[in-house]
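Here is the structure we will look at.
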Amino acid sequence: MASSVSSSLPDALFSADAVRAIDRYVIEQQGVDGFELMQAAARAAFHRLVQRWPESGPILVLCGSGNNGGDGYLVAANAARHGLEVRCLSVAPADKLSGDARKAWQKAVDDGVSILALGGLDAAALDQLFSGSGLIVDAMLGTGVSGAPREPFSAMIARCNGAGVPVLAIDLPSGLNATTGAVDGEVVRADMTVTFIGLKAGLFTGHGPAVSGLVQFDALGVEQGASDSGECPIATRRDWLSTRRWLMPRPANAHKGRFGHVLIVAGDRGFGGAGLMAAEAAGRSGAGLVSLATRPEHVSAALARCPSVMVHGVIHGSELPPLLEPADVIVCGPGIGRSAWGQQMLEQVLASGKAQVLDADALNLMSSRVAIRADGRVLTPHPGEAARLLGCLVPEIEADRISAAKKLQSLYGGVVLLKGAGTVIATGDAPVDLVSGSNPGMATGGMGDVLAGVIGALYAQLGDPAQAAILGASVHLAAADRASQERGYIGLLPTDVIDALPMVFKESEE
């Protein structure tokens, strides 16, 4: 399912360590009582619970041993005071609780919450407990946990996911790495996640978008403390709503020369559609002129599909320089293959020194060469291409997508856009940019070709490769969302996204 992101979320994304440091600063340096902070978190979570599920039925709260478990006990206490049917399951023994978590447990006891110890229940009793619940609250594992959840948490996560009822995760779904969005074992699949103090980057990339559901945030009134703590975000959250203002209104006397000339170098034999989709996407994204250099046998089809594109049949790399000369931005890679033809095309593009967007097989060809840094270009790998460029395996990329994008940028320079749910854009020493949201309909061949064309067109208009990459990924996702609203996810095609682009861009003109 696609992830949902609240429009009221802040832009700063933090690591788990940073959020814990902010929490300590607020308590130790600003004198905010830790238990009062925990109570505020529980009230915020309970408010979201009743707002989303006003008729939830019996509530089951799964509580761990740390402050995340404490939040759960206090959510249950809130529910009991409001007359709701609620029970807590102590996944971690309650007698091992300490500090504020112990106070929270005692508060739940005092408010009449039924608290069951996991160790005192057999399989049949657990089956009955989970099957009799209308809503589950996950308060098992907090931000301090990394790696695969151990027993009994792993088993309880599996039961939670198999219960067939809505799940509200407190702070983050148990089993999800709060910093990277990686998952090493079982992970709770939540319908909503209510998170506090600082937004965790892992909620928005890797597995985060798939398991977090609707993400809601509450700063708990300590915004100034978060600012004063000195903790820096590791990423800036971006989306179409926040980036579309980068497109300037077009004056009444606008002409095609003001919006750049994009040359698409793409489409070896058998892959003619890749270049055409990139070229059409560039035209639909506002480029003043779009040219396509492709195999001669693809020219007729390209002209029939999109007559506004200037199409050139190219047999050998020596024919490409005259086409490169008038272009402002070159998009190279979609469908060029790894044969001699594709290698010749890439050689000419790299030697041109022009602004470039390098995608697909251009990146695969580059992976067999010594990495050379260069500015003025955007690299757009998916995890497989990123793994080849870094000489590692795909799981290593997905284990920490932010670090992988930064490593690629350090090696190759320019701007690196690592595709996937929660696209990561790295531009240098600054925190990366992360485009929040996901769309499962985009998991089909050709979507990357469309994105490359969109970025090329925006680069030609804005003159800034980082802005073009961020805005391109944002509008690409927004167009896919619009198209899937009409067509659904299954069967969504790249051409559907191209068709949706003008209506999405129209929103920037309003």
(message) Under a plain distance cut-off of 3.5 Å, with no hydrogens placed, do Ser114 and Arg87 share a side-chain donor-acceptor pair?
(response) no

(message) With no hydrogens and no angle check, just 3.5 Å: does a side-chain donor-acceptor pair link Asn68 and Asp171?
(response) no

(request) Write out all pairs satisfying salt bridge (charged side-chain N to carboxylate O under 4.0 Å, His left out) with one or both partners inside residues 213-230, taking only residues at least two apart or from two chains. (result) none

(request) Would you check if there is a donor-acceptor pair between the side chains of Asp17 and Thr179 at a distance under 3.5 Å? (result) no

(message) Under a 3.5 Å distance rule, please check whether Thr143 uses its side chain to pair with a backbone N or O of Ala16 as donor and acceptor.
(response) no

(request) Kindly give the heavy-atom pair with the smallest separation between Pro494 and Gly446, and that separation in Å. (result) CG-C, 3.6 Å

(request) Determine whether Trp53 and Ile59 make a side-chain contact, defined as any pair of heavy atoms from C-beta on separated by less than 4.5 Å. (result) no

(request) Assess whether side-chain contact (heavy atoms from CB on, under 4.5 Å) is satisfied between Arg102 and Trp105, documenting all intermediate values. (result) CA-CA 5 Å; Arg102 180 70 181 183; Trp105 173 84; 3.6 Å; yes

(message) Suppose we screen for side chain to side chain donor-acceptor pair (under 3.5 Å). Which residues come up paired with Tyr459, at least two apart in sequence or across chains?
(response) none

(request) Keeping the roles fixed (side chain from Asp191, backbone from Val167), state whether a donor-acceptor pair exists under 3.5 Å. (result) yes

(message) Measuring from atom CG of Leu141 to atom CG of Leu62, what distance do you get when rounded to the nearest 0.5 angstrom?
(response) 10.5 Å

(message) Pairing donors with acceptors under 3.5 angstrom, does anything connect the side chains of Arg388 and Asn364?
(response) yes

(message) Nearest 0.5 Å, please: how far is CG in Asn161 from CZ in Arg189?
(response) 4.0 Å

(message) Determine whether a donor-acceptor pair (N or O, by modelled atom type, separation under 3.5 Å) exists between the side chain of His382 and the backbone of Ala360.
(response) no

(message) Applying salt bridge (charged side-chain N to carboxylate O under 4.0 Å, His left out) as the test, list every pair that has at least one member in residues 138-157; sequence neighbours left out.
(response) none

(message) Under the criterion salt bridge (charged side-chain N to carboxylate O under 4.0 Å, His left out), I'd like the reasoning laid out for Asp127 against Arg159: C-alpha separation, chi angles, the key distance, then a yes or no.
(response) CA-CA 9 Å; Asp127 290 342; Arg159 280 187 175 273; 2.6 Å; yes

(request) Using a 4.5 Å cut-off on heavy atoms from C-beta on, say whether the side chain of Ser212 contacts that of Leu172. (result) no

(request) Please lay out, stage by stage, how Leu363 and Asp361 fare under the test side-chain contact (heavy atoms from CB on, under 4.5 Å). (result) CA-CA 5 Å; Leu363 302 175; Asp361 279 327; over 6 Å; no

(request) To the nearest 0.5 angstrom, please state how far the NE2 atom of His207 sits from the CG atom of Asp184. (result) 9.5 Å

(request) Evaluate the criterion side-chain contact (heavy atoms from CB on, under 4.5 Å) for residue pair Arg338 and Leu365; output intermediate values, then yes/no. (result) CA-CA 6 Å; Arg338 306 187 202 184; Leu365 290 170; 3.9 Å; yes

(request) For Val454 and Leu501, work out which heavy atoms get closest and say how close. (result) CG2-CD1, 3.9 Å

(message) Given 3.5 Å as the limit, does a donor-acceptor pair link the side chain of His82 with the main chain of Asn78, or not?
(response) yes

(message) Quick one about Lys200 and Thr195 (side-chain donor to acceptor, distance below 3.5 Å, no hydrogens or angles considered), yes or no?
(response) yes

(request) Can you see which heavy atom on Phe217 is nearest to which on Pro10, and at what distance? (result) CD2-CD, 3.6 Å

(message) Within this structure, what is the CD-CG distance for the pair Gln409 and Leu379, rounded to the nearest 0.5 Å?
(response) 9.5 Å

Could you list the donor-acceptor pairs under 3.5 angstrom formed by side chains in residues 412-425, with sequence neighbours left out?
residue, atom, partner, partner atom, Å
Lys419, NZ, Asp359, OD1, 3.1
Lys419, NZ, Thr380, O, 3.2
Thr423, OG1, Gly420, O, 3.1

(request) Mind checking the SG-CD1 spacing from Cys63 to Ile115? Nearest 0.5 Å is all I need. (result) 7.5 Å

(message) Ring-plane angle category for Trp240 and Phe505, please: parallel below 30°, perpendicular beyond 60°, tilted otherwise.
(response) perpendicular

(request) Indicate the atoms forming the closest heavy-atom contact of Phe196 with Asp71, along with that distance. (result) CE1-OD2, 4.4 Å

(request) Calculate, to the nearest 0.5 Å, the distance between atoms OH and OG belonging to Tyr25 and Ser227 respectively. (result) 9.0 Å

(message) Show the nearest heavy-atom pair for residues Pro166 and Leu135, with the distance to one decimal.
(response) O-CD1, 3.3 Å

(request) Run the numbers on Glu396 and Leu390 for side-chain contact (heavy atoms from CB on, under 4.5 Å), then give the verdict. (result) CA-CA 10 Å; Glu396 296 176 68; Leu390 289 177; over 6 Å; no

(request) Kindly write out the residues that satisfy side chain to side chain donor-acceptor pair (under 3.5 Å) with Gln106, not counting sequence neighbours, or none if the list is empty. (result) Asp110

(message) Checking Arg24 now: which residues fulfil side-chain contact (heavy atoms from CB on, under 4.5 Å) with it, not counting sequence neighbours?
(response) Arg20, Ala21, Glu28

(request) Would you check if Val432 and Leu13 make a side-chain contact, meaning some heavy-atom pair closer than 4.5 Å? (result) no

(request) Assess whether atom CG of Asp429 is packed by more than 12 heavy atoms of other residues, nucleotides or ligands within 6.0 Å. (result) no

(message) Whether the Arg238 and Thr243 side chains hold a donor-acceptor pair (N or O, under 3.5 Å, no angle test) is what I'd like checked.
(response) no

(request) State, to 0.1 Å, how close Ala483 and Leu492 come at their nearest heavy-atom pair, and which atoms those are. (result) CB-CD1, 3.8 Å

